[in-house]
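Along the sequence shown, residues carry numbers from 1.
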Amino acid sequence: MIDYIKGEIEELTPARMVMECGGIGYEIQISLTTFTAFQGKDAGKIYIYEVIREDAHLLFGFSEPLERELFLLLTSVSGVGPNTARMILSSLQPAELIQAIASKDEVALTSVKGIGLKTAQRILVDLKNKVKSMEALAGAPAQKTLQVSNSEVCEEAIAALVMLGFQKAASQKVVLSLLKGSPDMPVEQVIKSALKML
């Protein structure tokens, strides 16, 4: 198993990264939280979880071990697959997710697209005791944003939503309405808001 990859960031979008290491470009599926952590960097170290299936060999990447640990816990819950776990980690920061589980906050979990009440309750029941040890580790990371043009933000946000499984037309409509109301909104905030509206 690959534990981490250290190399140059060749491509970075809100849902995907290509990192070159030893002349090989690795395509890595990432959450919005990890995207924010790597924005503006040319190189870095990303923690990996491999998903090997008959039809695909996928790499999921995380900016910190805590996020990967939460991803593994989420995917251990019945009915929560890797893409659903990534969606949860794109909607909630690791610290927010730990707090939501520790305080049995169903509303925070059901606000994530694709998470119904039953799944949220299963997550809370299965993981409540498992996140207790993580509460001390979960310092909320500082938000940093990069200035990019409005059209770039629009394109990136739509591309990320499509990669997360939403229809392009619906994604465009939501993203455009968000940017019309707040033209200076950073791309990660656009996507987070869109996830709640789609």
Side-chain angles (χ1 to χ4, degrees), residues 1-53 56-75 81-98 112 131 134 136-166 171 175 179 184-195:
M1 288 291 274
I2 299 171
D3 185 55
Y4 66 85
I5 299 172
K6 203 172 183 178
E8 291 180 15
I9 298 165
E10 295 297 322
E11 197 180 313
L12 182 66
T13 71
R16 175 180 174 271
M17 169 196 275
V18 175
M19 185 175 272
E20 187 181 324
C21 174
I24 299 170
Y26 294 93
E27 181 185 30
I28 304 162
Q29 311 294 317
I30 60 172
S31 70
L32 205 49
T33 302
T34 293
F35 167 75
T36 305
F38 282 102
Q39 253 190 323
K41 294 184 179 176
D42 297 323
K45 176 180 181 180
I46 189 161
Y47 296 90
I48 297 292
Y49 178 69
E50 283 181 279
V51 175
I52 300 168
R53 299 194 311 238
H57 185 158
L58 304 170
L59 298 178
F60 288 87
F62 310 93
S63 60
E64 54 182 62
L66 176 64
E67 190 188 4
R68 179 172 64 182
E69 194 62 37
L70 285 167
F71 177 85
L72 293 174
L73 286 175
L74 287 168
T75 54
N83 282 322
T84 304
R86 180 169 69 147
M87 185 80 78
I88 294 168
L89 289 164
S90 289
S91 301
L92 301 166
Q93 293 280 332
E96 292 171 335
L97 179 58
I98 289 167
V112 177
V131 299
M134 293 181 170
L137 301 170
Q143 286 289 333
K144 62 187 182 79
T145 56
L146 247 144
Q147 290 302 310
V148 281
S149 77
N150 198 299
S151 63
E152 241 182 283
V153 168
C154 183
E155 283 171 30
E156 262 190 51
I158 292 165
L161 291 165
V162 169
M163 284 181 82
L164 288 168
F166 296 100
S171 301
V175 168
L179 287 172
D184 298 329
M185 198 186 283
V187 68
E188 59 268 29
Q189 194 55 54
V190 172
I191 297 164
K192 275 192 178 182
S193 301
L195 287 174

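- In this structure, CD1 in Ile28 is found 12.0 Å from CG in Leu58, a value given to the nearest 0.5 Å.
- Taking the side chain to side chain contact (heavy atoms under 4.5 Å, CB included) definition, one finds that Ser63 meets it with Thr34, Ala37, Phe38, Glu67, sequence neighbours left out.
- Side-chain contact check for Gln93 versus Lys192: some heavy-atom pair is nearer than 4.5 Å.
- Put simply, the side chain of Val153 does not reach to within 4.5 Å of the side chain of Met185, judged on heavy atoms.
- Counting heavy atoms from C-beta outward, Leu74 and Met87 have side chains that stay 4.5 Å or more apart.
- Applying the side chain to side chain contact (heavy atoms under 4.5 Å, CB included) rule to Glu69 yields the partners Met134; only residues at least two apart in sequence or on another chain are considered.
- Side-chain contact between Leu97 and Val131: absent, with no pair of heavy atoms (C-beta onward) separated by less than 4.5 Å.
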Tell me which donor-acceptor pairs under 3.5 Å the side chains of residues 16-27 have, and how far apart each pair is, sequence neighbours excluded?
unit_1 : atom_1 : unit_2 : atom_2 : d
Arg16  : NE     : Glu27  : OE2    : 2.6
Arg16  : NH1    : Glu11  : OE2    : 2.3

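- The shortest non-hydrogen separation linking Glu50 to Ile2 is OE1-N, 2.9 Å.
- Between Leu161 and Ser171, the closest heavy-atom pair is CB-OG, 3.5 Å.
- A side-chain contact (heavy atoms from CB on, under 4.5 Å) with Ser90 holds for exactly one of Leu195, Val112, Ile191, Thr33; it is Leu195.
- Under the side-chain hydrogen bond (donor to acceptor under 3.5 Å, both in side chains) criterion, Glu96 pairs with no residue, sequence neighbours left out.
- Listed here is the closest heavy atom pair of Pro82 and Phe60: CB-CZ, 3.5 Å.
- Residues Thr75 and Val51 are not in side-chain contact: their nearest non-hydrogen atoms beyond the backbone lie 4.5 Å or more apart.
- By the 4.5 Å heavy-atom criterion applied to side chains, Leu59 and Ile46 are not counted as neighbours.
- No more than 12 heavy atoms of other residues, nucleotides or ligands sit less than 6.0 Å from atom CD of Glu8.
- Listed here is the closest heavy atom pair of Thr13 and Met163: OG1-SD, 4.3 Å.
- More than 12 heavy-atom neighbours from other residues, nucleotides or ligands sit within 6.0 angstrom of NZ on Lys45.
- With sequence neighbours left out, Asp42 forms a salt bridge (Lys or Arg N to Asp or Glu O under 4.0 Å) with no residue at all.
- The heavy-atom pair separating Val187 from Glu156 by the smallest distance is CG2-CB, 3.8 Å.
- Listed here is the closest heavy atom pair of Glu64 and Pro94: OE2-CG, 4.2 Å.
- Partners of Tyr49 according to the ring-ring contact (aromatic ring centres under 6.0 Å, His included) rule, which considers only residues two or more places apart in sequence or in another chain, are Phe71.
- For the pair Ile48/Met1, no side-chain contact is recorded, criterion being any heavy-atom separation below 4.5 Å from C-beta on.
- To the nearest 0.5 Å, atoms CG (Leu32) and CD (Gln189) are separated by 9.0 Å.
- Arg86 contributes a side-chain N or O that, together with a main-chain N or O of Ala15, makes up a donor-acceptor pair within less than 3.5 Å.
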